[in-house]
Structures are given as structure tokens and as C-alpha cells.
**Student:** 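Got a structure for you, questions after.
Just so it is clear: chains get the letters A, B, ... in the order the sequence lines come, proteins before strands, and each one is counted from 1.
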Protein chains: 2
Amino acid sequence: MKLTQIYQCLCDQTRLRILNLLHGRELCVCHIQEILGEPQVKISKHLAYLRAHGLVATRREANWVVYRLPERPSRDLSANLACLQDCVREIPVFGRDSARLTRLKAKFEVSSPICCTTKARIPQSSHRKVE
Amino acid sequence: MKLTQIYQCLCDQTRLRILNLLHGRELCVCHIQEILGEPQVKISKHLAYLRAHGLVATRREANWVVYRLPERPSRDLSANLACLQDCVREIPVFGRDSARLTRLKAKFEVSSPICCTTKARIPQSSHRKVE
DNA sequence: ACGGTATATACCTTAATACGTATATAACAC
DNA sequence: GTGTTATATACGTATTAAGGTATATACCGT
């Protein structure tokens, strides 16, 4: 993949916020959506863009589509993702997102569901890569 | 300066080639132009774009405008420029550009001019920052 | 002043991007 | 099957970007 395409993916604030959230964990669309406080279509399109360029991978889990960073990023991609992590550390909006993620995760671990809704529905399922 | 603006500057191949050439040295427009083999207007506009976003600084030297990387880049910028240098090391086009630069520099050091033309015209001048 | 070289900008066209509204698809519960 | 939730896509619009042609500006040499 071309280096310029990596940078094209990185030159939008919403996409950077998404990548920040996905660092070290996977998330379904509606979690991302709720954390960022942006409309569903906006999140979905940015995720599609990232996926089309290989910056994220997906797997379906029942109703939900779970996004994650690729497990084998290219040298260029992993270098840039690391650099990004380094940069966002000092930028408030990303810290706020991470904090919201923590709160949300904790909340859902208490109310028990696998994913986003307030009602638990799906039994624990294995976290194998499907795609 | 916003992180996304840095990435916007980096998401064009010509701009990456320019930044690669400017790593550790300064160059006038026509040198850049000759090395990259691209039309003057294209180079000039990309340089203007980079300058408008603070990724390069300039100084005028007689007829020529000399471009360089900023001497005090922000944390984010220097992190990304370093990452870029790391990435381009393995991409052929950038190596070719650097090789051409070396050849061109050598050639002009022999034929003596300060800058681009084949005829020397300007006496040695100090390399102080003007801007 | 004039002519020449180096660089920048105006203007145009085309393509890509971002966002929104509305709708489609996928998986589930019943 | 129907209804519901989660996610994706189609389509329209406004903005931005990239490239080209032509022209302007800046500096130099005379």
C-alpha cells in the first residue's frame, strides 16, 4: 500500500479519533459512534474508508461489526500508527475520547451485554478472527 | 498547528518527494524542479502549500528562493518527519531522487555556481536565516 | 530604463472528499 | 414470515485539491 494512502487516511480528525480508540482494542460501530458523539452514517463512512485502505479490519459478531487495527500492519503503517499514538497523547480531544471509552466499557461490563445495547442478548462467543 | 494539517501535507507524493529532498539540507525551487522532473508550476504550488501549512520555511537568495524544513518544528511535525524519513528509506522513488540530488549537487559544485544555472553569477553569500 | 531568469499566482477544469437525507442490507427475536 | 437493531450504501451538494495554461512578480545584469 502506498504511503500517501496512509496519510490520506490520517488527514481527517474523525478518522484519527477512531484510530485512537482502536489502539489496543476492538470496538463495534455503535460504541465508536457513541463515544465520538457523531452520526452513524458519518462514522460508518469513515470506517469504510479506513477499511478500503487497509487501516482497519473487521469481523462480524451477531448484529454487530467489530473493527480493529490490522494484526499484520505493513512497516509503514505500523510506524505511522505508533507515531500517531505518540502525537495524540498530548491532544485533549483524544484523551477525552479515551476517557469516555473507559467509562463506557466499565458501564457495559456491569450491565453485562456483549455489545452496545443496554440489554444483553448474545452469549459469550469466541474472539477468533473471521476475516 | 493541527495534526490533520500535517497529514494533509503528507498525503501527496510530490510533497513527500520534496520533503525527502529537504531533509538535512536546503534547496532552491529550480533544483527541486530539476531533480523531480516536474513542471515549475507544479513544484511551486506544492511548495506554497507546504509553506502555508508551516512544513517548510523559505529565504530569498538573489534570484532564488531557498526552501528548508523549519528549524523549530513542533513536536508533532518533527515526529512525523522522522517517521517519514524512516518510511521513505525503503521506497525506490525517494532513493532515486536522493541519488539525483547527489549527482546534481556534485555537478554544480564543480561548475561553481551558487545556484541552479550553469553560469556562476553570485559571489558566495552567507547562509543566515532571513525570515 | 530594458531584457532575462527564477518564482509565484490567477484562472480554469476535473476529480476527490465530507457531510447529510434517505434507503438498503444483515442478523436477530418472535 | 414480521418487526427491530446494527450497519452500509446511494444520491445530492458543497468544499477542497491537483493539474494545466497563461500571466504576474522579484531580482539581477546591462
Side-chain angles (χ1 to χ4, degrees), chain A residues 2 4-5 7-18 26-53 56-67 108 113-123 125 130-131, chain B residues 2 4-5 7-18 26-53 56-67 108 113-123 125 130-131:
Chain A
K2 294 210 68 175
T4 49
Q5 293 189 307
Y7 289 126
Q8 274 162 17
C9 287
L10 299 181
C11 68
D12 177 275
Q13 168 101 348
T14 304
R15 289 197 288 266
L16 291 187
R17 293 174 72 194
I18 292 172
E26 49 179 23
L27 290 170
C28 66
V29 179
C30 56
H31 268 168
I32 297 172
Q33 185 184 331
E34 185 171 346
I35 296 164
L36 299 192
E38 300 280 356
Q40 183 266 327
V41 65
K42 181 171 173 178
I43 299 297
S44 183
K45 281 198 286 191
H46 281 300
L47 286 169
Y49 188 100
L50 289 170
R51 181 166 49 166
H53 292 82
V56 298
T58 59
R59 131 181 100 77
R60 188 173 264 276
E61 179 102 17
N63 256 337
W64 300 276
V65 176
V66 181
Y67 281 77
F108 280 130
I114 293 303
C115 200
C116 315
T117 73
T118 36
K119 340 137 199 153
R121 226 179 307 218
I122 310 295
S125 80
V130 163
E131 180 191 352
Chain B
K2 294 210 70 178
T4 49
Q5 292 189 308
Y7 289 126
Q8 273 163 18
C9 287
L10 299 182
C11 68
D12 177 274
Q13 167 102 349
T14 304
R15 290 198 287 267
L16 292 186
R17 293 173 73 193
I18 291 172
E26 50 179 22
L27 289 170
C28 67
V29 179
C30 55
H31 268 166
I32 297 173
Q33 185 183 331
E34 185 171 346
I35 296 164
L36 299 191
E38 300 281 357
Q40 183 266 327
V41 65
K42 181 171 174 180
I43 299 297
S44 183
K45 281 198 286 191
H46 281 301
L47 286 170
Y49 189 100
L50 289 171
R51 180 166 51 167
H53 293 81
V56 298
T58 58
R59 130 181 101 76
R60 188 172 265 276
E61 179 102 16
N63 255 337
W64 301 276
V65 176
V66 181
Y67 280 77
F108 280 130
I114 292 305
C115 202
C116 315
T117 71
T118 36
K119 338 135 201 156
R121 224 179 309 218
I122 310 297
S125 81
V130 162
E131 179 192 353

**Student:** Atom CD of B:E61 and atom C1' of D:dC27: how far apart are they, to the nearest Å?
**Tutor:** 12 Å
**Student:** Return the angle between end axes of the helix from C:dA1-D:dT30 to C:dC30-D:dG1, with five pairs used per end and rounding to 10°.
**Tutor:**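 The end axes of the helix from C:dA1-D:dT30 to C:dC30-D:dG1 are about 20° apart, to the nearest 10°.
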**Student:** Rounded to the nearest 0.5 Å, how far does NE2 of A:H31 lie from SG of A:C28?
**Tutor:** 5.0 Å
**Student:** Under 3.5 Å, which donor-acceptor pairs do the side chains of residues 8-15 of chain A form with other protein atoms, sequence neighbours left out?
**Tutor:**
unit_1	atom_1	unit_2	atom_2	d
A:Q8	NE2	B:C11	O	3.4
A:D12	OD1	A:T14	N	2.8
A:D12	OD1	A:R15	N	3.1
A:Q13	OE1	B:K2	NZ	3.3
A:R15	NE	A:C9	O	2.9
A:R15	NH1	A:H46	ND1	3.1
A:R15	NH2	A:Q8	O	3.1

**Student:** Between the protein and nucleotides 2-4 of chain D, list every N/O to N/O distance that falls short of 3.5 Å.
**Tutor:**
none

**Student:** Rounded to whole angstroms, how far apart are CZ on B:R59 and C1' on C:dT7?
**Tutor:** 15 Å
**Student:** About how many Å separate CG of B:L36 and CD1 of B:I18, when rounded to the nearest 0.5 Å?
**Tutor:** 6.0 Å
**Student:** Side chains of A:L27 and A:V66, heavy atoms from C-beta outward: is any pair under 4.5 Å?
**Tutor:**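 Of all side-chain heavy-atom pairs linking A:V66 with A:L27, none is under 4.5 Å.
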**Student:** So does B:E61 get a backbone contact from the side chain of B:R59, meaning a donor-acceptor N/O pair under 3.5 Å?
**Tutor:** no
**Student:** Nearest whole Å is fine: how far is D:dA17 P from A:Q5 CD?
**Tutor:** 18 Å
**Student:** Please list, chain by chain and in numerical order, all residues satisfying salt bridge (charged side-chain N to carboxylate O under 4.0 Å, His left out) with B:K42, sequence neighbours excluded.
**Tutor:**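 Per chain and number, B:K42 pairs via salt bridge (charged side-chain N to carboxylate O under 4.0 Å, His left out) with B:E38.
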**Student:** Look up atom CD in B:E26 and atom CD1 in B:I32, then write down how far apart they are to the nearest 0.5 Å.
**Tutor:**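 The CD atom of B:E26 sits 10.5 Å away from the CD1 atom of B:I32.
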**Student:** Figure out the CG/C1' separation between B:L36 and D:dG19, and round it to whole Å.
**Tutor:** 15 Å
**Student:** Rounded off to whole Å, could you give me the CG-to-P distance for the A:L27 and D:dA6 pair?
**Tutor:** 15 Å
**Student:** Return the polar atom pairs (N/O with N/O) between nucleotides 15-21 of chain C and the protein under 3.5 Å, or none.
**Tutor:**
unit_1	atom_1	unit_2	atom_2	d
C:dT17	OP1	A:Y49	OH	3.2
C:dA18	OP1	A:D12	OD2	3.4
C:dA18	OP1	A:R15	NH2	3.2
C:dA18	OP2	A:R15	NH1	3.0
C:dC19	OP2	A:H46	NE2	2.8
C:dC19	N4	A:K45	NZ	3.3
C:dG20	N7	A:K45	NZ	3.4
C:dG20	O6	A:K45	NZ	2.2

**Student:** Should B:R51 and B:T58 count as side-chain neighbours, where that means a heavy-atom distance under 4.5 Å?
**Tutor:** yes
**Student:** Roughly, in whole Å, what's the span from CD1 in B:I43 to P in D:dT21?
**Tutor:**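 Result: 15 Å.
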**Student:** Quick one: does A:Q40 reach the base of D:dA8 with a side-chain donor-acceptor pair under 3.5 Å?
**Tutor:**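 Side chain to base: pair found, below 3.5 Å.
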**Student:** What's the CH2-P distance between A:W64 and D:dA8, to the nearest Å?
**Tutor:** 14 Å
**Student:** Taking CZ from A:R60 and C1' from D:dA6, how many angstroms apart are they, rounded to a whole number?
**Tutor:**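 Atom CZ in A:R60 sits about 7 Å away from atom C1' in D:dA6.
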**Student:** Output all residues satisfying side-chain hydrogen bond (donor to acceptor under 3.5 Å, both in side chains) with A:Y67, sequence neighbours left out; order by chain, then residue number.
**Tutor:** none
**Student:** What distance do A:E34 atom CD and A:Q40 atom CD have between them, rounded to the nearest 0.5 Å?
**Tutor:**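 So the gap between those two atoms works out to 13.5 Å.
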**Student:** With a 4.0 Å limit, can you tell me whether A:Y67 has a side-chain N or O closer than that to the phosphate oxygens OP1/OP2 of D:dA8?
**Tutor:**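 So the side chain of A:Y67 is within the cut-off, an N or O lying under 4.0 Å from OP1 or OP2 of D:dA8.
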